[in-house]
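Here's the structure, in structure tokens; my notes come after.
Just so it is clear, the model here is predicted, and its values are computed rather than measured. Only this structure's heavy atoms are used, side chains among them; waters, hydrogens and symmetry mates stay out.
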Amino acid sequence: RLRKWQERIRTKDAGERNLQFALSEIDRMASALGVPRSVREVASVIYRRALKEDLIRGRSIEGVATSALYAACRKEGIPRSLEEISEVSRVERKEIGRTYRYISQELGLEMRPVDPKKYVPRFCSELELSEEVQTKANEIIEKTAEEGLLSGKSPTGYAAAAIYAASLLCNEKKTQREVADVAQVTEVTIRNRYQEQIEAMGIHG
Amino acid sequence: MTDPKDTINIENVVASTGIGQELDLQSVAMDLEGADYDPEQFPGLVYRTQNPKSAALIFRSGKIVCTGAKSTDDVHESLRIVFDKLRELQIQVNEDPEIVVQNIVTSADLGRNLNLNAIAIGLGLENIEYEPEQFPGLVYRLDDPEVVALLFGSGKLVITGGKKPKDAEHAVDKIVSRLEDLGLLE
DNA sequence: GCTTTAAAAAGTAATCT
DNA sequence: AGATTACTTTTGAAAGC
């Protein structure tokens with residue numbers, strides 16, 4: 001009986017240590033990403049729920065913690081792409097993506113697809129683009145998405161193309177390279193989305 | 001107005017069978033031309049047929065998996081070739097080994113573009129998976145028939161997980177009526 | 001869970017000319 | 001700026017780690 005008692009304490013301590021590790025990892029990654037405290041709190045809640053529902057079995061603590069943070073950023077309306085998240089995590093992008101899909105499904109998070117407009121303020125400020133460009137980019141995203149151009153396209157590439165187009169229209173030109181670097185997509189993707197968007201907007205030049 | 005059902009095309013059929021005899025894959029690999037066998041990497045021996053095109057995975061137990069065929073007839077033809085090849089190597093093969101179709105992959109076209117964002121909400125976020133950052137298709141699991149559909153913005157789709165060609169037809173019917181009810185197919 | 005096989009859908013990406 | 005090739009997703013069986 002004493003043995004069982006000690007074992008219970010041991011596992012309880014281990015579980016407690018694991019939880020503390022996960023929460024500190026969420027904190028570390030959140031700081032590195034520069035997201036507000038509210039996001040870390042949402043991420044912590046998601047992680048605790050995943051723990052309670054026993055979703056961590058067979059997965060790494062770090063993977064679930066990273067996925068919880070990715071989901072929290074989206075839920076709070078300040079998404080970070082998997083690419084960005086993976087830069088501050090030691091879990092690879094593909095694993096974060098599949099773990100996120102799993103916990104999202106199992107916890108019934110009912111995550112809506114990311115709205116590309118959510119990336120506009122951050123990308124534009126990194127590029128030092130004016131409020132006017134942001135407004136124009138949002139307009140382009142709004143209008144072209146309504147016409148069905150967004151289906152199946154990655155939100156970051158879509159936002160990047162709209163920002164590139166808006167920078168040209170507002171005479172604050174940024175190169176495709178510059179926009180591609182902050183959005184972490186290739187110039188090819190920007191080129192492809194840009195062509196579709198300006199055509200749908202009826203813009204030339 | 002072409003019926004989306006008429007656009008259904010079988011792209012791949014997976015089936016399993018067995019010759020009812022244990023095999024020494026090492027010697028089969030030596031005698032069978034074009035055989036790929038690397039037990040360190042995978043326990044099965046890979047043998048490809050050209051006509052019809054398919055790949056057979058042959059195991060030590062005598063069980064065989066055939067994949068890549070474009071119809072159930074092609075699966076039977078491919079396996080007939082495999083069986084004959086094994087018989088040429090003086091291996092006993094049952095008369096007519098039972099062949100079980102395990103999965104049929106089909107493609108189809110709904111004929112109009114789809115607003116996947118609206119469809120995700122319409123079908124219910126809890127019933128679908130749509131993560132365009134990871135994959136452009138919307139994943140929709142049906143209970144009856146028990147298949148998985150991948151819907152794309154172009155209106156094209158993939159149905160997989162079915163065991164009979166009819167499963168894909170029923171799935172397309174259900175998807176079309178579901179989308180029509182939601183007013184998302186026009 | 002992984003390993004291997006084949007196949008479609010469409011987007012993204014790396015590499016080469 | 002193309003063109004190619006390759007990887008992402010789903011499905012299923014097999015035997016073994």
Mind checking the [atom1] distance from [N] to [M]? Whole angstroms is fine.
N: C/dA9; M: D/dG2; atom1: P; answer: 23 Å
N: C/dA8; M: D/dA14; atom1: P; answer: 25 Å
N: D/dA3; M: C/dA7; atom1: P; answer: 24 Å

Sequence-distant partners of A/Q134, side chain to side chain contact (heavy atoms under 4.5 Å, CB included), two or more places apart
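For A/Q134, the residues satisfying side chain to side chain contact (heavy atoms under 4.5 Å, CB included) (neighbours in sequence not counted) are A/V120, A/P121, A/C124, A/E131.
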Mind checking side chain to side chain contact (heavy atoms under 4.5 Å, CB included) for B/T160 and listing every partner two or more places apart, or none if nothing turns up?
B/N103, B/V105, B/V148
Could you check whether atom [atom1] of [X] has more than 12 heavy atoms from other residues, nucleotides or ligands sitting under 6.0 Å from it?
X: B/D6; atom1: CG; value: yes
X: B/E180; atom1: CD; value: yes
X: A/E128; atom1: CD; value: no
X: A/Q20; atom1: CD; value: yes

Proximity to the side chain of [X] - top-ranked nucleotide from [options]:
X: A/S154; options: C/dT12, C/dA8, C/dT5; answer: C/dT12
X: B/K53; options: C/dA7, C/dA9, C/dT12; answer: C/dA7
X: B/V65; options: D/dA13, C/dG11, D/dT11; answer: D/dA13
X: A/K94; options: C/dT5, D/dT8, C/dT12; answer: D/dT8
X: B/N103; options: C/dA13, D/dT11, C/dA8; answer: D/dT11
X: A/T186; options: D/dT8, D/dA13, C/dA13; answer: C/dA13

Report each atom pair, protein N/O against N/O of nucleotides 15-17 of chain D, whose distance is under 3.5 angstrom.
from, atom 1, to, atom 2, distance (Å)
D/dA15, OP1, B/S61, OG, 2.4
D/dA15, O3', B/R60, NH2, 3.4
D/dG16, OP1, B/R60, NE, 3.3
D/dG16, OP1, B/R60, NH2, 2.4

[X] side-chain N/O to [N] phosphate OP1/OP2 under 4.0 Å:
X: B/S107; N: C/dA9; value: no
X: B/S154; N: C/dA10; value: yes
X: A/R101; N: D/dT10; value: yes

Backbone of A/I96 reached by a side-chain donor or acceptor of A/S67 within 3.5 Å:
yes
May I have the distance from [X] (atom [atom1]) to [N] (atom [atom2]), rounded to whole angstrom?
X: B/I159; N: C/dA8; atom1: CD1; atom2: P; result: 16 Å
X: B/F152; N: D/dT8; atom1: CZ; atom2: C1'; result: 10 Å
X: A/Y194; N: C/dG11; atom1: OH; atom2: C1'; result: 21 Å
X: B/Q102; N: D/dT10; atom1: CD; atom2: P; result: 20 Å
X: B/I58; N: D/dA13; atom1: CD1; atom2: P; result: 19 Å

So, under a plain 3.5 Å distance rule, would you say the side chain of B/T160 forms a donor-acceptor pair with the base of D/dT10?
no
Can you work out whether A/Y158 or B/K70 has the more 5'-proximal nearest nucleotide on DNA chain C?
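Looking at DNA chain C, the more 5' nearest nucleotide goes with B/K70.
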Which residue lies more 5' along DNA chain C, comparing A/V185 with B/L57 via nearest heavy atoms
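Of the two residues, B/L57 wins.
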In residues 101-113 of chain A, what donor-acceptor pairs under 3.5 Å come from side-chain atoms, sequence neighbours left out?
from, atom 1, to, atom 2, distance (Å)
A/R101, NE, B/E129, OE1, 3.2
A/R101, NH1, B/Q134, OE1, 2.6
A/Y102, OH, A/R59, NH2, 3.4

With a non-hydrogen cut-off below 4.0 angstrom, is A/R98 in contact with a base, only sugar-phosphate, or nothing?
sugar-phosphate
Would A/F123 and A/T156 satisfy side chain to side chain contact (heavy atoms under 4.5 Å, CB included), going step by step from the backbone distance to the final call?
CA-CA 10 Å; A/F123 289 170; A/T156 47; 4.3 Å; yes
Give every donor-acceptor pair under 3.5 Å between a side-chain atom in residues 31-45 of chain A and any protein atom, sequence neighbours left out.
from, atom 1, to, atom 2, distance (Å)
A/S31, OG, A/D27, O, 3.0
A/S31, OG, A/R40, NH1, 3.3
A/S31, OG, A/R40, NH2, 3.4
A/S44, OG, A/R40, O, 2.8

Please write out the pairs of protein N or O atoms and N or O atoms of nucleotides 1-6 of chain D separated by less than 3.5 Å, giving the distance to one decimal.
from, atom 1, to, atom 2, distance (Å)
D/dA1, OP1, A/R191, NE, 2.9

